[in-house]
Q: 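Right, I'll just put the structure down here and ask away after.
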Amino acid sequence: MPIQSICCLGAGYVGGPTMAMIAAKCPGIQVTVADLNEQRIAAWNSETLPVYEPGLDAVVASAIGRNLHFTTDIRAAIAAADLIFVSVGTPTKSYGIGAGRAADLRYIEAAARLIAEVSEGNKIIVEKSTIPVKTATAIKSILAANSPNGATFQVLSNPEFLAEGTAIQDLESPDRILIGGEATQEGQAAVEALVSVYENWIPRERILTTNLWSSELSKLVANAFLAQRISSINSISALCEATGADVDEVARAIGMDSRIGSKFLKASVGFGGSCFQKDILNLVYLCDTFNLPHVAEYWRQVVHLNDWQKSRFVEKIVRTLYNTVNGKRIAILGFAFKKDTNDTRESAAIQVCRDLLHERAHLAIYDPRVDATTIQQDLAAAGVDPALIITNVEICSEPYAAVTGAHALATLTEWDEFRSLDLPHIHSLMLKPAFVFDGRAVLCMEDLVAQGFEAFVIGKGA
Ligand code: NAD
Ligand code: UGA
């Protein structure tokens, strides 16, 4: 049976954009995105979407009201759907067994119980969230034990590989679509039904089908490999600084070897985002659970190196500013975890700002997309005393206001606009010596030195 009606539980960074793309590309399918969060749903139905993503507004506008709907009526959305994506959060567990490593699956379980309760007839349930391998077994067991109306279910795994900031191009032209299903006749029919949805715009040869466990595990492994490349190049950034080598030149030289490849070799103050750390810790926990301590330890190092990269950046600032930043104004350019997003989850900027505030610095923070409330909430959640946030944090609406009267400037997100800052003007606005700490290598070391700055650029030897 061709799919006519799709529902997605979770209208977040994945559910919203992914379903908008499906609706835009499949005008014959009704797509309803359902969420418990009324504010979020109201925002999806407004002119100001809850997610900032280049190109997203146009995709949503092309389908909303036609075959794309956002609702809080989750039960009705489930009841009407042939196929249900589960795209709820799977954060790191903060309590009990596996705290700090395991995935917290309570939202997945609650979604499965609600689907079981409401459903009638045959439904395909698709894991879109990132989950530990074997979660499909738990979902199947919950569905089978809790269906008063005798509904039957096929469970598929279809992890999402989009990156924030490039979500629309990633969804429009993905490297691959991965679908895992059971080897039974019904399982394969469900796989084919989902394949036919994606085939509306993605060539069949880019749609990969596997068994359930390979699909679930591949998502964690893909993120672990990507994050591992960043920690690898960041480890080399420290060696470059010590030896006079240039990490961008090294990355270019090794990246031209087609066996290594050029992507994901940009040294930084540390990777952030809601997923890399969470998914690696989840992988580490899985390895420990399956009694593979050597494998667990290997992947744990990727996160350790990332933590070290963030703390050594702060240490560099404090040591360079004559071992004290107490009372000094430091301009922070960029708070989002990467450019072209308003998302700050696990942003390196949070840890850097927290540690500078604990050193009693005054921070003047500018980010083109992140609002003041988010910055204040993130710092409070990271353990900064709310009183210190009031006295020592100023949120600026443009970069030149942030640098005025500052002892130092630190770039923490690679926003394109930072590449064309007016350096002579900035130098004139800052106290002297004017220190720059570029955690994203968006500024040119030679230009900074020529303008009279005392400059540190990540991965560049003096
Ligand atoms: P998010 O926190 O932005 O959104 C999750 C949404 O699910 C929230 O709005 C929440 O209210 C809603 N929700 C929770 N329980 C629900 C229920 N029972 N019914 C309906 N809605 C419910 O999370 P996200 O960033 O969209 O990530 C979702 C999943 O996708 C995670 O597992 C994540 O690891 C994975 N993922 C995220 C990205 C990314 O770029 N953010 C990329 C690939 C995969
Ligand atoms: C990442 C993956 O790239 C996606 O494929 C995956 O779907 C997603 O996680 C997920 O599962 O959530 P995302 O975190 O949105 O996507 O963004 P990335 O482009 O991967 O960047 C992650 C972090 O690494 C950012 O802080 C970025 O600045 C940093 N980064 C990235 C570097 O420091 N250097 C690089 O070379 C690349």
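Note that ligands are numbered from 1 as they come in the structure, with each ligand's atoms numbered from 1 the same way. Quick note: numbers below take in every heavy atom, side chains included, and nothing from hydrogens, waters or symmetry partners. By convention here, the first residue in the shown sequence is residue 1.
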Q: May I ask you to list the atoms of ligand 1 that are less than 4.0 angstrom from any heavy atom of Ser87?
A: 5 (C), 28 (C)
Q: Among all the protein's non-hydrogen atoms, which is closest to atom 15 (O) of ligand 2, and how far away is it?
A: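 Result: Glu164 N, 2.8 Å.
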Q: Which of the listed options, Asn306, Asp340, Leu162, Thr130, holds the heavy atom that is closest to atom 6 (C) of ligand 2?
A: Leu162
Q: Nearest heavy atom to atom 10 (C) of ligand 2: which of Gly273, Cys275, Pro174, Ala222 does it belong to?
A: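 Result: the heavy atom closest to atom 10 (C) of ligand 2 is in Cys275.
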Q: Starting from atom 22 (C) of ligand 2, locate the nearest protein heavy atom and write down its residue, its atom name and how far away it is, to 0.1 Å.
A: Phe276 CE1, 3.6 Å
Q: For the rings on Tyr285 and Trp299, is their centre-to-centre separation under 6.0 Å?
A: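 No - the distance between ring centres of Tyr285 and Trp299 does not fall below the 6.0 Å cut-off.
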Q: What's the shortest distance from atom 33 (O) of ligand 2 to any protein heavy atom, and which residue and atom give it?
A: Ser268 OG, 2.7 Å
Q: Would a distance-only check, ignoring hydrogens and angles, find a side-chain to backbone donor-acceptor pair under 3.5 Å from Thr243 to Leu239?
A: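 Yes, Thr243 side chain to Leu239 backbone: donor-acceptor pair under 3.5 Å.
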Q: Give the residue, atom name and distance (to 0.1 Å) of the protein heavy atom nearest atom 36 (O) of ligand 2.
A: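 Residue, atom and distance for the closest contact: Lys266 N, 2.9 Å.
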Q: May I ask you to identify the nearest protein heavy atom to atom 23 (C) of ligand 2, giving residue, atom name and distance to one decimal place in Å?
A: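 Scanning the protein heavy atoms, the shortest distance from atom 23 (C) of ligand 2 goes to Gly272 O, 3.5 Å.
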Q: What atoms of ligand 1 come within less than 4.0 Å of a heavy atom belonging to Val14?
A: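 Reading through ligand 1 atom by atom, the close ones are 26 (O), 30 (O), 36 (N), 37 (C), 38 (C), 39 (C), 42 (C), 43 (C), 44 (C).
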Q: Quick one: which ligand 2 atoms are inside 4.0 Å of a heavy atom on Glu160?
A: 7 (O)
Q: May I ask you to decide if the ring planes of Trp201 and Tyr198 are parallel, tilted or perpendicular, using 30° and 60° as cut-offs?
A: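 The rings of Trp201 and Tyr198 sit tilted, inter-plane angle from 30° to 60°.
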Q: Using a strict 4.0 Å threshold on nitrogen-to-oxygen distance, state whether Glu346 and Lys278 make a salt bridge.
A: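 The answer is no: the pair does not qualify as a salt bridge.
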Q: Starting from atom 30 (N) of ligand 2, which protein heavy atom do you reach first, and at what distance in Å?
A: Ile230 CD1, 3.4 Å
Q: Just distances here: any N/O of Asp279 and N/O of ligand 1 closer than 3.5 Å?
A: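 Such a contact does not occur with ligand 1.
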Q: Could you tell me whether Thr341 approaches ligand 2 through its side chain, its backbone, both or neither, with non-hydrogen atoms closer than 4.0 Å?
A: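 Thr341 to ligand 2: no contact under 4.0 Å from either part.
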Q: Looking at Leu162, which atoms of ligand 1 are within less than 4.0 Å of one of its heavy atoms?
A: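 Counting from 1, the qualifying ligand atoms are 40 (O), 42 (C).
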Q: Note the single closest protein heavy atom to atom 5 (O) of ligand 2, along with its residue, its atom name and the distance in Å.
A: Phe161 O, 2.7 Å
Q: For Gly89, counting its heavy atoms only, list the atoms of ligand 1 lying under 4.0 Å from any of them.
A: 5 (C)
Q: Hey, is ligand 1 close enough to Cys275 that some N/O pair sits below 3.5 Å?
A: no
Q: For ligand 1, is any non-hydrogen atom under 4.0 Å from Ile74's backbone (N, CA, C, O), its side chain (CB onward), both, or neither?
A: side chain
Q: Among all the protein's non-hydrogen atoms, which is closest to atom 14 (O) of ligand 2, and how far away is it?
A: Phe337 CE1, 3.5 Å
Q: Check if Ala110 has a non-hydrogen atom at a distance under 4.0 Å from any atom of ligand 1.
A: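 Per 4.0 Å heavy-atom rule, Ala110 does not contact ligand 1.
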Q: What I'd like to find out is whether the side chain of Thr90 reaches to under 4.5 Å of the side chain of Tyr107, using heavy atoms alone.
A: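 Thr90 vs Tyr107: side chains apart.
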Q: Taking 4.0 angstrom as the limit and counting only heavy atoms of Lys278, give me the atoms of ligand 1 inside it, by number and element.
A: 33 (C), 34 (O)
Q: For Ala34, counting its heavy atoms only, list the atoms of ligand 1 lying under 4.0 Å from any of them.
A: 20 (C), 21 (N)
Q: Do Asn158 and Lys128 have a side chain donor and acceptor closer than 3.5 Å?
A: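 Yes, side-chain donor-acceptor contact under 3.5 Å.
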Q: Between Lys123 (side chain only) and Thr152 (backbone N and O only), is there a donor and an acceptor less than 3.5 Å apart?
A: no
Q: Hey, does Asn37 come in under 3.5 Å of ligand 1, counting only N/O atoms on both sides?
A: no
Q: At under 4.0 Å between heavy atoms, is it the side chain or the backbone of Ala167 that contacts ligand 1, or both, or neither?
A: neither
Q: Check for a donor-acceptor pair, side chain of Asn306 on one end and backbone N or O of Gly270 on the other, with a separation under 3.5 Å.
A: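 Between the backbone of Gly270 and the side chain of Asn306 there is no qualifying donor-acceptor contact (under 3.5 Å).
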Q: Of Glu414, Gln309, Lys338, Lys278, which has the heavy atom at the shortest distance from atom 17 (O) of ligand 2?
A: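 It is Lys338 whose heavy atom sits nearest to atom 17 (O) of ligand 2.
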Q: If you measure from each heavy atom of Leu114 to ligand 1, is any distance below 4.0 Å?
A: no
Q: Would you say ligand 1 has an N or O under 3.5 Å from any N or O of Arg40?
A: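 Such a contact does occur with ligand 1.
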Q: Please determine if Thr130 has a nitrogen or oxygen closer than 3.5 Å to a nitrogen or oxygen of ligand 1.
A: yes
Q: What are the atoms of ligand 1, with element, lying closer than 4.0 Å to any heavy atom of Gly10?
A: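 Near Gly10, meaning under 4.0 Å from one of its heavy atoms, ligand 1 has 6 (C), 7 (O), 12 (C), 20 (C), 21 (N).
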Q: Does Arg440 reach ligand 2, in the sense of a heavy atom lying below 4.0 Å from it?
A: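 It does, in that a heavy atom of Arg440 comes within the 4.0 Å cut-off of ligand 2.
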Q: For the residue pair Phe276 and Phe264, categorise the inter-ring angle as parallel (less than 30°), tilted (30 to 60°) or perpendicular (more than 60°).
A: perpendicular
Q: Kindly confirm or rule out an N or O of Glu164 lying under 3.5 angstrom from an N or O of ligand 1.
A: yes
Q: Taking distance alone, with no angle check, do Arg345 and ligand 1 share an N/O pair under 3.5 Å?
A: yes
Q: Show which atoms of ligand 1 fall inside a sub-4.0 Å distance from at least one heavy-atom site of Lys219.
A: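 So the answer, numbered in order with elements, is 43 (C).
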Q: Taking everything shown except Asp175 itself, do over 12 heavy atoms lie less than 6.0 Å from its CG?
A: no
Q: To the closest 0.5 Å, what do you measure between CE (Met445) and CG (Asp438)?
A: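 Output value for this atom pair is 9.0 Å.
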Q: Run the contact test for Lys263 against ligand 2 with a 4.0 Å cut-off on heavy atoms, strictly below, and give the result.
A: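 In this structure, Lys263 fails to qualify as a contact of ligand 2 - no heavy atom is under 4.0 Å.
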Q: Donor-acceptor pair, Asp170 side chain versus Ala163 backbone, under 3.5 Å?
A: yes
Q: Does ligand 2 have a heavy atom under 4.0 Å from the side chain of Arg229, from its backbone, from both, or from neither?
A: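 Neither; nothing of Arg229 gets under 4.0 Å from ligand 2.
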Q: Determine, for Lys316 against Glu241, whether the closest basic-nitrogen to carboxylate-oxygen distance falls under 4.0 angstrom.
A: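 Salt bridge flag = no for Glu241 with Lys316.
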Q: Does NZ or CZ of Arg176 come closer than 6.0 Å to the centre of the six-membered ring of Phe161, within 45° of the ring's axis?
A: yes
Q: Rounded at 0.5 Å granularity, tell me how far CZ in Phe335 sits from SG in Cys353.
A: 5.0 Å
Q: Does Thr374 use its side chain to pair, donor to acceptor, with the backbone of Val370 at less than 3.5 Å?
A: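 Side chain of Thr374 to backbone of Val370, a donor-acceptor pair under 3.5 Å: no, none is there.
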